[in-house]
Amino acid sequence: MAEQNLTSFRAQGAVEPEPRRYRTLFLSDLHLGAKAAQAHLLLDFLKHNDAETIYLVGDIVDGWKLRKGWHWPQAHNDVVQKMLRKARKGTRVIYVPGNHDEFARDYTGLTFGGVEVVEHAVHETADGKKMLIIHGDQFDIVVRNARWLAFLGDWAYDAAIAVNTVLNRFRRMFGVGYWSFSAWAKLKVKEAVNFIGDFEETLAAEARRRGVDGVVCGHIHHAAIKVIDGVRYVNTGDFVESCTAVAEHEDGSFEILHWLTMAERDAGAAPQIKALPAPRAAAA
């Protein structure tokens, strides 16, 4: 739908707006290589948003899915090329691998096509705050100590995504806002298998232990910006279901960006995503 609207837009001879520029953009959980990846929406996002620095906060490529069966359509390749093009044009691109793209951790300290691969990073905001940049799976007891449960959760998530697609077709027919069945189901699984404590508090505690002011992470597909015991906690969400990213403005403030289809933006729609309780840590 976004492509159709874009073609119509060009046919009318209208001038496309310049990309909105931020100080920093944070993206995670793109899951390129998975059928659920929203590559076309992601390309649309990258076209209309730019930054001095872009952090790729893990699970950019879904190595788990690619091991089970190769799925790499042209749109996924276009996303990679778009990111490399941004790096060539002067954007600093920093890649912090996650658990689904853990193979990239073998290349930390190297640079590919202008993209820096690091285990973790410390980002200084415009207002002088230091933020730990890390995917977050390192603090997930399921991924670290019960990988078979993590893979089982990955399969269950795929099934939930399929159910979610059908469910929300009916919800749109009746004018009801988006509701994530898969996020709800995933939350229940996380509660069942997690006994280490809340993911958000664990990441905030790690930031405090490292002597920084906050943390930016991904992994649990639940976008959030909050303060936990004096530590700023930022989660980028994902670009599979909610299609979210986090932007840092020139004053150092953070904002969650909910990316809509072009048709929804033209209609002035606002994201209608039902709020869910903060999920506990498990395989994302």
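Here the structure is a predicted model, which is why all the values come from computation and not from measurement. For this chain, numbers begin at 1 and follow the sequence in order.
Cluster annotation: Leu66 is connected to Tyr107 through the hydrophobic network of ILVMFWY side chains, with a link wherever side-chain heavy atoms come within less than 4.5 Å. Cluster annotation: Val246 is not connected to Leu25 through the hydrophobic network of ILVMFWY side chains, with a link wherever side-chain heavy atoms come within less than 4.5 Å. Note on Phe199 and Ile225: separate hydrophobic clusters, where clusters join Ile, Leu, Val, Met, Phe, Trp and Tyr whose side-chain heavy atoms are under 4.5 Å apart, directly or indirectly. Cluster annotation: Ile256 is connected to Phe26 through the hydrophobic network of ILVMFWY side chains, with a link wherever side-chain heavy atoms come within less than 4.5 Å. Following chains of ILVMFWY side-chain contacts shorter than 4.5 Å, one cannot reach Val216 starting from Val122, and the two form parts of different hydrophobic clusters.
Within a 6.0 Å sphere centred on CZ of Phe103, heavy atoms belonging to other residues, nucleotides or ligands number more than 12. More than 12 heavy-atom neighbours from other residues, nucleotides or ligands sit within 6.0 angstrom of NZ on Lys82.
A donor and an acceptor atom, one from each side chain of His123 and Glu248, are located under 3.5 Å apart. There is a side-chain donor-acceptor pair under 3.5 Å between His249 and Glu255.
The backbone N or O of Asp59 lies less than 3.5 Å from no partner atom in the side chain of Asp29, so there is not a single donor-acceptor pair. Within the 3.5 Å criterion, the main-chain N or O of Leu46 finds no donor-acceptor partner in the side chain of Asn49. Between the side chain of Thr244 and the backbone N or O of Asp238, at least one donor-acceptor pair lies under 3.5 Å. In this structure, the side chain of Asp101 does not engage the main chain of Ala104 through any donor-acceptor pair within 3.5 Å. No donor-acceptor pair closer than 3.5 Å links the side chain of Ser28 to the backbone N or O of Thr236. In terms of modelled atom types and a separation under 3.5 Å, the side chain of Asp213 and the main chain of Lys129 share no donor-acceptor contact. No donor-acceptor pair under 3.5 Å is formed between the side chain of Glu102 and the backbone N or O of His100. Gln38 contributes a side-chain N or O that, together with a main-chain N or O of Val240, makes up a donor-acceptor pair within less than 3.5 Å.
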Might you work through the side chain to side chain donor-acceptor pair (under 3.5 Å) test for His40 and His76, ending with a clear yes or no? CA-CA 8 Å; His40 287 95; His76 294 208; over 6 Å; no
Between Asp44 and Trp259, does the side-chain contact (heavy atoms from CB on, under 4.5 Å) criterion hold? Intermediate values first, please. CA-CA 9 Å; Asp44 189 53; Trp259 199 244; 3.0 Å; yes
Take Asn235 and Ile220, measure what side-chain contact (heavy atoms from CB on, under 4.5 Å) needs, and give me the verdict at the end. CA-CA 8 Å; Asn235 195 300; Ile220 59 172; 3.5 Å; yes
Give the C-alpha distance, both sets of side-chain angles, the deciding distance and a yes or no for ring pair (Phe, Tyr, Trp, His ring centres under 6.0 Å) between Phe45 and Phe239. CA-CA 10 Å; Phe45 175 86; Phe239 235 95; 5.7 Å; yes
Show the numbers, then the answer: is there a side-chain contact (heavy atoms from CB on, under 4.5 Å) between Tyr233 and Val227? CA-CA 6 Å; Tyr233 169 88; Val227 176; over 6 Å; no
Report the C-alpha distance between Leu84 and Val115 in whole Å, list the side-chain angles of each, state the deciding distance to 0.1 Å, and finish with yes or no for side-chain contact (heavy atoms from CB on, under 4.5 Å). CA-CA 7 Å; Leu84 291 172; Val115 177; 3.9 Å; yes
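Atom CD1 of residue Ile60 and atom CG of residue Leu30 lie 4.0 Å apart, to the nearest 0.5 angstrom. With rounding to the nearest 0.5 angstrom, the CG atom of Leu42 is 14.0 Å from the NZ atom of Lys47. With rounding to the nearest 0.5 Å, the separation of OG in Ser242 from NE2 in His222 is 9.5 Å. Atom CG of Leu32 and atom CH2 of Trp72 lie 4.5 Å apart (nearest 0.5 Å). Atom SG in Cys217 sits 10.0 Å away from atom CD in Gln138 (nearest 0.5 Å).
By the 4.0 Å N-to-carboxylate-O rule, Arg105 lies close enough to Asp137 to be salt-bridged with it.
The only option from Arg85, Lys86, Lys89, Arg20 that meets the salt bridge (Lys or Arg N to Asp or Glu O under 4.0 Å) definition with Asp50 turns out to be Lys86. The side-chain contact (heavy atoms from CB on, under 4.5 Å) test with Glu116 is passed by exactly one of Leu56, Thr108, Ile94, Val96: Ile94.
Nearest approach of Arg208 to Asp229, heavy atoms of both residues: NH1-O, 3.5 Å. The two residues Ser253 and Asp251 have their closest heavy-atom pair at OG-OD1, 2.7 Å. Across all non-hydrogen atoms, the minimal contact from His31 to Ala37 is O-CB, 3.3 Å. For the pair Glu250 and Glu52, the tightest heavy-atom approach, listed with the atom from each and the gap, is OE2-OE2, 3.6 Å. The two residues Val118 and Pro97 make their nearest non-hydrogen contact at O-CD, 3.2 Å. Contact record, Ala245 with Leu27: CB-CD2, 3.5 Å, taken as the closest heavy-atom pair.
Side-chain contact between Tyr95 and Met83 is absent, with no heavy-atom pair separated by less than 4.5 Å.
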